[in-house]
Structures are given as C-alpha cells and as structure tokens.
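To start, the structure under review is shown below, and the notes come after it.
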Amino acid sequence: QVQLVESGGGSVQPGGSLRLSCAASGITFSVTSMGWYRQAPGKQREWVATITSGGSTNYAGSVKGRFAIARDNAKNTVYLQMNSLKPEDTAVYYCRIVSTAYWGQGTQVTVSS
C-alpha cells in the first residue's frame, strides 16, 4: 500500500533552517509529482511547493526564495529545505502525492524565539 512518512520537523529560532524529508513507498516514485503543504493552528491547509517527475519546481509566494523542494528518486524521498524561517512558518507540514488523496501524517515545525 501507499505510504508517505515525513520527518525532520522540530523547533527552531527565527532565521534558522530545517530540512524535512518524506519517504514514499508503494508507488513508482520517479514518475510521480510530489508536493508539500502546511496547516497552521486555526487555519486551512495550504500548498507550499511542488516538484514534478522531471524536477520542475513551483512555490507559494510566501516561501519563494526561502524554501527549496528537491527529490532523490534513488531513495524515493522528497525534501523541503527551509531557510530564513519566520514565526509565521509554524505549522504541521505534510507531503502529498499530487492530485491524489495520499498524504503523510505530518511533521510539526515551530519557529519561535
């Protein structure tokens, strides 16, 4: 069955960095577009970034220039490098197989001084 397992969340001070990972199984990862989303307390889940099977990337305006999505097809893993973190980046971060109902369980990111 399809499984997505996120890791790498944690607490960091403003201006810090984190790298999230999402390990996928049960799919042909190399031909799959993957996305990262986030949900802050009291807010709707929002899209953060997408990477296609060919490696093309796209970002939400709020994270463009600070976050970078990447993939390693040999490891069936998609990453989200988050730099210059701000308190408003605090959320649970989820990975998803684009245009499907397959989501990971989420990993908490907290940015606070």
Side-chain angles (χ1 to χ4, degrees):
Q1 71 276 23
V2 177
Q3 277 195 316
L4 300 172
V5 180
E6 298 101 334
S7 61
S11 295
V12 64
Q13 292 187 339
S17 298
L18 284 173
R19 188 177 80 155
L20 306 183
S21 300
C22 172
S25 59
I27 60 172
T28 306
F29 182 79
S30 62
V31 300
T32 302
S33 294
M34 299 294 297
W36 285 98
Y37 297 73
R38 66 186 182 185
Q39 188 166 17
K43 294 188 176 182
Q44 288 192 329
R45 193 171 297 187
E46 64 176 0
W47 167 72
V48 174
T50 301
I51 186 166
T52 69
S53 57
S56 297
T57 59
N58 204 5
Y59 299 92
S62 59
V63 306
K64 199 168 187 177
R66 300 187 299 121
F67 290 12
I69 188 171
R71 65 191 299 153
D72 184 338
N73 290 339
K75 295 183 178 180
N76 282 10
T77 299
V78 61
Y79 303 97
L80 186 67
Q81 177 67 43
M82 305 185 295
N83 300 323
S84 302
L85 282 161
K86 304 175 181 180
E88 51 263 42
D89 294 317
T90 295
V92 178
Y93 284 72
Y94 300 88
C95 67
R96 178 194 182 195
I97 301 171
V98 171
S99 300
T100 75
Y102 294 111
W103 296 81
Q105 83 287 353
T107 186
Q108 176 71 47
V109 171
T110 302
V111 185
S112 173
S113 55

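Along the sequence shown, residues carry numbers from 1. Below, each value reflects all heavy atoms present in this structure, side chains not excepted, and no hydrogens, waters or symmetry copies.
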Once side chain to side chain donor-acceptor pair (under 3.5 Å) is applied, do any residues pair with [X], and if so which ones, sequence neighbours excluded?
X: R19; value: none
X: Q3; value: none
X: T100; value: none
X: Y94; value: none

Nearest 0.5 angstrom please: [X] [atom1] to [Y] [atom2], how far?
X: D89; Y: T110; atom1: CG; atom2: OG1; result: 11.0 Å
X: I69; Y: S56; atom1: CD1; atom2: OG; result: 11.5 Å
X: R96; Y: W36; atom1: CZ; atom2: CH2; result: 14.0 Å
X: Y37; Y: L80; atom1: OH; atom2: CG; result: 12.5 Å
X: F29; Y: R71; atom1: CZ; atom2: CZ; result: 4.5 Å
X: L20; Y: F67; atom1: CG; atom2: CZ; result: 8.0 Å

Over all atoms of both residues, closest heavy-atom pair of [X] and [Y]:
X: S53; Y: S33; result: N-OG, 3.7 Å
X: Q81; Y: S17; result: NE2-CB, 4.0 Å
X: Q105; Y: L4; result: OE1-O, 3.4 Å

Taking only residues at least two apart or on different chains, which pairs with a member in [range] satisfy disulfide bond (SG atoms under 2.5 Å apart)?
range: residues 31-69; value: none
range: residues 31-99; value: C22-C95
range: residues 60-89; value: none

Quiz item: If you look only at pairs with a residue in residues 22-31, which of them pass as a side-chain hydrogen bond (donor to acceptor under 3.5 Å, both in side chains), with sequence neighbours excluded?
Solution: none

Self-check item: P87 side chain near P14 side chain, heavy-atom distance below 4.5 Å
Solution: yes

Practice problem: For a side-chain contact (heavy atoms from CB on, under 4.5 Å) with T32, tell me which candidate from I97, V98, I51, T52 qualifies. | Solution: I97

Report the hydrophobic cluster partners of [X], with the cluster defined as I, L, V, M, F, W, Y residues connected by side-chain heavy atoms closer than 4.5 angstrom, directly or transitively.
X: Y79; result: none
X: V31; result: none
X: V5; result: none

Quiz prompt | Cluster overlap V92 with L18, hydrophobic side-chain contacts below 4.5 Å | solution = no

Quiz item: In the single-linkage hydrophobic clustering (I, L, V, M, F, W, Y; side-chain heavy atoms under 4.5 Å), do V78 and I27 co-cluster?
Solution: yes

Quiz: residues 42-49 side-chain donor-acceptor pairs under 3.5 angstrom, not counting sequence neighbours:
unit_1, atom_1, unit_2, atom_2, d
E46, OE2, R38, NE, 2.6
E46, OE2, R38, NH2, 3.2
W47, NE1, A49, O, 3.3
W47, NE1, T50, OG1, 2.6

Quiz item: More than 12 foreign heavy atoms under 6.0 Å from OH of Y102: is that the case here?
Solution: no

